[in-house]
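Inspection log for the structure reproduced underneath, given as structure tokens.
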Number of protein chains: 2
Amino acid sequence: MEKILLVDDEPDILEFLRYNLVKENYQVLTAKNGRDAINKAQKEMPHLILLDVMMPELDGIETCRVLRQIPELDNTIIVFLTARSEDYSQIAGFEAGADDYITKPVKPRVLSSKIKALFRRVAVSDEIPNTIQAGNLIIDKEKYLVSKEGADIVLPKKEFELLVLLASKPNRVFTREEIYAAIWGNQVIVGDRTIDVHIRKLREKIGESYIKTTKGVGYKFEIK
Amino acid sequence: MEKILLVDDEPDILEFLRYNLVKENYQVLTAKNGRDAINKAQKEMPHLILLDVMMPELDGIETCRVLRQIPELDNTIIVFLTARSEDYSQIAGFEAGADDYITKPVKPRVLSSKIKALFRRVAVSDEIPNTIQAGNLIIDKEKYLVSKEGADIVLPKKEFELLVLLASKPNRVFTREEIYAAIWGNQVIVGDRTIDVHIRKLREKIGESYIKTTKGVGYKFEIK
DNA sequence: AGTCAGGTTAAGTTATTGTTAATATTGCGA
DNA sequence: TCGCAATATTAACAATAACTTAACCTGACT
């Protein structure tokens, strides 16, 4: 369920928007000014912020600028609510980092269809870079699957992570230390044959030719 | 060709509107009061209904409310014809489920451009798929129904949501965290066997072959 | 030959998931 | 509002897959 933060200084509008969005099954939070919005946004990490442009003190444009500074909110969609499609505010708004506009008076169906469309857009653009091509292997991080010439290979977690690591920079040699750090982290301690065994299993499954040992240094995913 | 239903108690206006819309190549039906409109709408399934607000007996607002109860007319656009842009009627109208307004006196060019714009918008937002086809399962999110080879399967809420989530991206592995976040949200905390049990129930009902476990990672809805 | 780095195998260990039944919660109709 | 039935969650234990380790092997280089 998507979380939406509404920001407007007029309680009536806030209520009107909330009513319509709750009906569409969104989780709705509200803030009544810019400062409030920034706090709540940081705490709640909403997926979308609907932000009135005209507000006393910190206006929508300024609020948006501040919000866009927060790296955690990078994937948050910001939509402006403007009185009319004034060219001025639109330009300023997009420059401040808004994703879209809705003009007042807000029509419920426009509201919901626009928001739906925005979420859809995000959902689509999200699925782009989840696969690594390396030689004739395709590694799909999302599906946790490796396919080799059409055939799917299922790998256990550690083996998959190992492969992803090595294949993420083909031909680069990863030392054992690097591999430990990346896959086990600094907390876990494992014996010194563990990686070798995983490498063995991996080679068995994807074929012996991909992973090369550089003695005294480490392993690499070789791609000619 | 789009079908438009005109509703107004004044024959002159009706005739005026029809003339202008027929010219634009729409298929035009008319009704002279709210009751009539509801009947014709159900029978004819128009793509758009142009509805006068001021009508004796059942007024436009009320008619609209009734129309919006009819699920088949969900995708029908409802446009109000109002004497002037009174704030009151606008709000009431939008709450009743209208999509837009046209104010009287109606200018033919405004009429046709507005209607064109509305159809264009619907054409875009219409692609929201309310049904997922996955293997030989058809999942209808609207009807909360799953059918497998013609037979309907009724699923409890949680199981249904789980299925929808997994089937929304077939073959993608969802981690337990993702599943928790999607179905329970960040607020609720449930024990660590809860998902498993729901998975069990689901598999019992839809068949064992669809949902695959990727140990250490999560679950996926597999579709070959 | 001795040492060092890594390879291999199988057996042990642990972590994760499956399963069932019991318990809690919810929603709904009388 | 009560009580029932349907759902949802938890608990306890079983099953299984993944991971790690130990013991031994191989080959290269000195």
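Throughout, protein chains are lettered first and strands after them, A, B, ... in sequence-line order, and every chain is numbered starting at 1.
- A close approach under 4.0 Å does not occur between any side-chain nitrogen or oxygen of A/Arg200 and OP1 or OP2 of C/dG6.
- At whole-Å resolution of the value, NE2 in B/His198 and P in C/dG18 are 14 Å apart.
- The only option from A/Thr131, A/Ile153, A/Asp152 that meets the side-chain contact (heavy atoms from CB on, under 4.5 Å) definition with A/Ser147 turns out to be A/Asp152.
- A straight line from CD1 of A/Ile211 to P of C/dT8 spans 12 Å, rounded to a whole angstrom.
- Rounded to an integer number of Å, the gap from OH of B/Tyr180 to C1' of D/dT10 is 11 Å.
- Using a 4.0 Å cut-off, no side-chain N or O of A/Trp184 falls inside it from OP1 or OP2 of D/dC19.
- Both B/Arg203 and A/Glu204 lie near DNA chain C, and the one whose nearest nucleotide falls closer to the 5' end is A/Glu204.
- As rounded to whole Å, 13 Å separates atom P of D/dA8 from atom CD1 of B/Ile199.
- The pair A/Lys201-A/Glu204 does not meet the salt-bridge criterion, since no charged nitrogen lies less than 4.0 angstrom from a carboxylate oxygen.
- B/Lys215 contributes a side-chain N or O that forms a donor-acceptor pair with the base of D/dT16 under 3.5 Å.
- Across the protein-nucleic acid pair, A/Asp192 atom CG and C/dC4 atom P stand 13 Å apart, rounded to whole Å.
- Position along DNA chain C of the nearest nucleotide to A/Thr214 versus A/Val197 favours A/Thr214 as the more 5'-ward residue.
- Seen from the ring of B/Tyr180, B/Arg176 does not count as a face-on cation partner, given the 6.0 Å and 45° thresholds.
- Listed pair A/Arg193 / D/dC24 fails the phosphate criterion, with no side-chain N or O lying under 4.0 Å from OP1 or OP2.
- Judged by distance alone, the side chain of A/Lys158 and the main-chain N or O of A/His198 form no donor-acceptor pair under 3.5 Å.
- Remark on DNA chain D: of its neighbouring residues B/Val154 and B/Thr194, the 5'-side contact belongs to B/Val154, judged by nearest-heavy-atom nucleotide.
- Contact between the side-chain N/O atoms of B/Thr213 and the OP1/OP2 oxygens of C/dG18 is found at a separation under 4.0 Å.
- Computed from coordinates, the B/Asp196 CG to C/dT16 C1' distance equals 9 Å when rounded to whole Å.
- In terms of modelled atom types and a separation under 3.5 Å, the side chain of B/Arg203 and the main chain of B/Ile211 share a donor-acceptor contact.
- To the nearest angstrom, P of D/dT7 lies 13 Å from CG of B/Leu202.
- Whole-Å rounding puts the B/Glu159 CD to D/dA6 P distance at 14 Å.
- Taking side-chain N and O atoms only, A/Arg176 has a distance below 4.0 Å to OP1 or OP2 of C/dG6.
- A/Tyr219 comes within 4.0 angstrom of sugar-phosphate atoms only, judged by non-hydrogen atoms across all strands, and of no base.
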